[in-house]
Amino acid sequence: MAFKLFKNGDDLYSQGDDLIKRGEYAKARDILQKSIDKEGGVDDVAAVKVALIDLSSHLTNPAAYRNLESKLKAVSEKQLEFGLTSFDRDALLTECDLTAQKLQIMGGANDANKNTAAQQLQDLAIRYQSEIGDRNLIVIEIFKNDTTVTGMTEFYNLMAVSYEYMSDAVVWDNPSQAAEYQQIAMGYRQQNGQSGDANLAKIRSYSCTSKCWLCGRIATGEGIHFFSAPADVSPALDKDDNGVAKSKPEGSTEIYICRACYSAVSNRSDEISQDYYNRAMAEMRAMEARLQAEIAALQTQISFARMNR
């Protein structure tokens, strides 16, 4: 039976393809890279498959999508295959571009640029809607065997995230506006088949108004501008003054405290705790010094006793 001792580039390319179909990506990558070195396969399709394999373990890395995008641009064929999945080159090019942008925007979002990031995500969401639409995302299909993630589901998801960012940006100054943004975000999530429970929890918190038990100030935004804290409230003190804003949750042993009072009490508590800690450490160091001195004296006595035997 005859066999080839040294495989040419085309043979290696075919072997790499078979390994991909079996899900043996690491082996397939090595073989495909060898086929590239020997100029095997069609055009630069092997390089695309290597880039896809590299992407499989870096699905949240925008650089991996940009790398795949550059390899796709070098391919002349319009229809490609990876394992048992066939896909359109231009469709995957669009997907790589949009996904890389999404990951870059979301990865760079912080408190200082949430509004800017929100606008960028909305622009990107519209592109997902118009350029991919109801088509499923190819990368998710290939590596997660999931065809439910489409351009439209990404549109709803990104719109939801954008309004959540807008909520984060204003909650410090305007919790009522933040609650409205969370309401819009919840609507997008529900259209996307999600519960929106996390948004609803924030809506309730940001919309809640209380009166500080300590200073009497009115504050809106639980967890932001006021907090609840456990307290020993006697029946005589637990009376409803019929005001619009309550000083404690109904039927609860907790009281509402505005952020200013809460932080003042917390800071003073920290100072007292630090003082106790410093005193305890000083006493321990003094006690350690006394013990060391006693041990040294005892060792001297033992040494003197031995010398006078």
Side-chain angles (χ1 to χ4, degrees), residues 9-10 12-14 16-21 23 25-26 28-33 35-37 39-109 117 119-162 192:
D10 290 338
L12 290 168
Y13 178 83
S14 298
D17 249 358
D18 290 337
L19 289 168
I20 288 174
K21 290 175 183 176
Y25 292 152
R29 190 193 189 286
D30 291 340
I31 297 297
L32 287 170
Q33 189 59 55
S35 81
I36 293 171
D37 296 338
E39 299 183 352
V42 181
D43 293 327
D44 297 298
V45 176
V48 169
K49 295 183 178 183
V50 168
L52 271 165
I53 292 171
D54 291 341
L55 175 62
S56 66
S57 56
H58 298 89
L59 292 177
T60 58
N61 186 347
Y65 288 91
R66 291 302 184 194
N67 177 55
L68 175 57
E69 183 182 15
S70 69
K71 303 303 181 187
L72 286 166
K73 288 179 178 178
V75 175
S76 60
E77 290 191 6
K78 294 296 185 181
Q79 289 298 126
L80 301 172
E81 292 183 353
F82 186 85
L84 301 176
T85 304
S86 298
F87 58 89
D88 180 80
R89 186 204 68 166
D90 292 341
L92 186 54
L93 265 172
T94 299
E95 184 178 323
C96 286
D97 179 37
L98 296 179
T99 306
Q101 287 190 57
K102 177 185 76 172
L103 294 172
Q104 288 167 339
I105 294 168
M106 295 178 71
Q119 185 57 60
Q120 291 173 335
L121 287 180
Q122 289 187 14
D123 293 341
L124 200 62
I126 293 171
R127 287 191 60 196
Y128 267 103
Q129 182 185 43
S130 62
E131 296 178 31
I132 298 181
D134 291 326
R135 294 201 317 271
N136 65 280
L137 300 190
I138 298 165
V139 171
I140 302 300
E141 177 186 0
I142 290 174
F143 296 118
K144 296 188 177 182
N145 195 30
D146 185 352
T147 58
T148 64
V149 182
T150 67
M152 288 305 301
T153 63
E154 283 294 276
F155 166 78
Y156 290 125
N157 182 61
L158 292 179
M159 290 300 291
V161 173
S162 74
N192 210 17

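As the structure is a computational prediction, the values presented were derived from the model and not from experiment.
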Report summary line: Closest non-hydrogen contact found for L55 with A64 is CD1-CB, 3.6 Å
Query raised in the report: Between L98 and I132, is any pair of side-chain heavy atoms under 4.5 Å apart?
Result: yes
Query raised in the report: Who passes side-chain contact (heavy atoms from CB on, under 4.5 Å) against A100, sequence neighbours left out?
Result: P62, Y65, R66
Requested in this report: Of all the heavy-atom pairs spanning S35 and L12, show the shortest one and how long it is.
Outcome: CB-CB, 3.6 Å
Query raised in the report: About how many Å separate CG of D18 and OH of Y13, when rounded to the nearest 0.5 Å?
Result: 11.0 Å
**Report entry** side-chain contact (heavy atoms from CB on, under 4.5 Å) evaluation trace for T99 with V139
**Finding:** CA-CA 10 Å; T99 306; V139 171; over 6 Å; no
Requested in this report: Please work out whether the ring planes of F82 and F143 are parallel, tilted or perpendicular, with thresholds of 30° and 60°.
Outcome: perpendicular
Query - CG/D90: more than 12 non-hydrogen atoms of other groups inside 6.0 Å - result: yes
Query raised in the report: So, do T85 and E141 sit near enough that their side-chain heavy atoms are less than 4.5 Å apart?
Result: yes
Query raised in the report: Can any side-chain N or O of E95 pair as donor or acceptor with the backbone N or O of I138 at less than 3.5 Å?
Result: yes
Requested in this report: Output yes when a side-chain donor or acceptor of R89 lies under 3.5 Å from a complementary backbone atom of V75, and no otherwise.
Outcome: yes
Query - Shortest non-hydrogen contact between A28 and I20, atoms and distance - result: CB-CG1, 3.6 Å
Report task. Measure across A46 and I36 and return the closest heavy-atom pair with its distance rounded to 0.1 Å. Result -> CB-CG1, 3.6 Å
**Report entry** Approximate separation, where rounding is to 0.5 Å, of I126 CD1 and E131 CD
**Finding:** 11.0 Å
Query raised in the report: Salt-bridged, D44 to K71, with N to O below 4.0 Å?
Result: no
Query raised in the report: Atom CG of L93 and atom CZ of F87: how far apart are they, to the nearest 0.5 Å?
Result: 9.5 Å
Requested in this report: Report the distance from atom CD of E81 to atom CD1 of I142, rounding to the nearest 0.5 Å.
Outcome: 11.0 Å
Report summary line: Shortest non-hydrogen pair, A125 vs L158, comes out as CB-CB, 3.8 Å
Query raised in the report: Measuring from L19:CG to S14:OG, what's the distance to the nearest 0.5 Å?
Result: 11.0 Å
Query raised in the report: Quick one: are D17 and K49 in side-chain contact, heavy atoms under 4.5 Å?
Result: yes
Requested in this report: Report yes if the side chains of K144 and L59 come closer than 4.5 Å at any heavy-atom pair, otherwise no.
Outcome: yes
Requested in this report: Using atom types as modelled and distance alone, determine if a side-chain donor or acceptor of N136 lies under 3.5 Å from a backbone N or O of T148.
Outcome: no
Report task. Sequence neighbours left out, what passes ring pair (Phe, Tyr, Trp, His ring centres under 6.0 Å) with Y156? Give chain and number order. Result -> none
Query - Rounded distance (nearest 0.5 Å) linking atom CG of D88 with atom CG of L80 - result: 8.0 Å
Query raised in the report: How close do L121 and S162 get, heavy atom to heavy atom, and via which atoms?
Result: CB-CB, 4.1 Å
Query raised in the report: Side chains of L68 and L92: closer than 4.5 Å at any heavy-atom pair?
Result: yes
Report task. For the residue pair T150 and T153, establish whether any side-chain heavy-atom pair is separated by less than 4.5 Å. Result -> yes
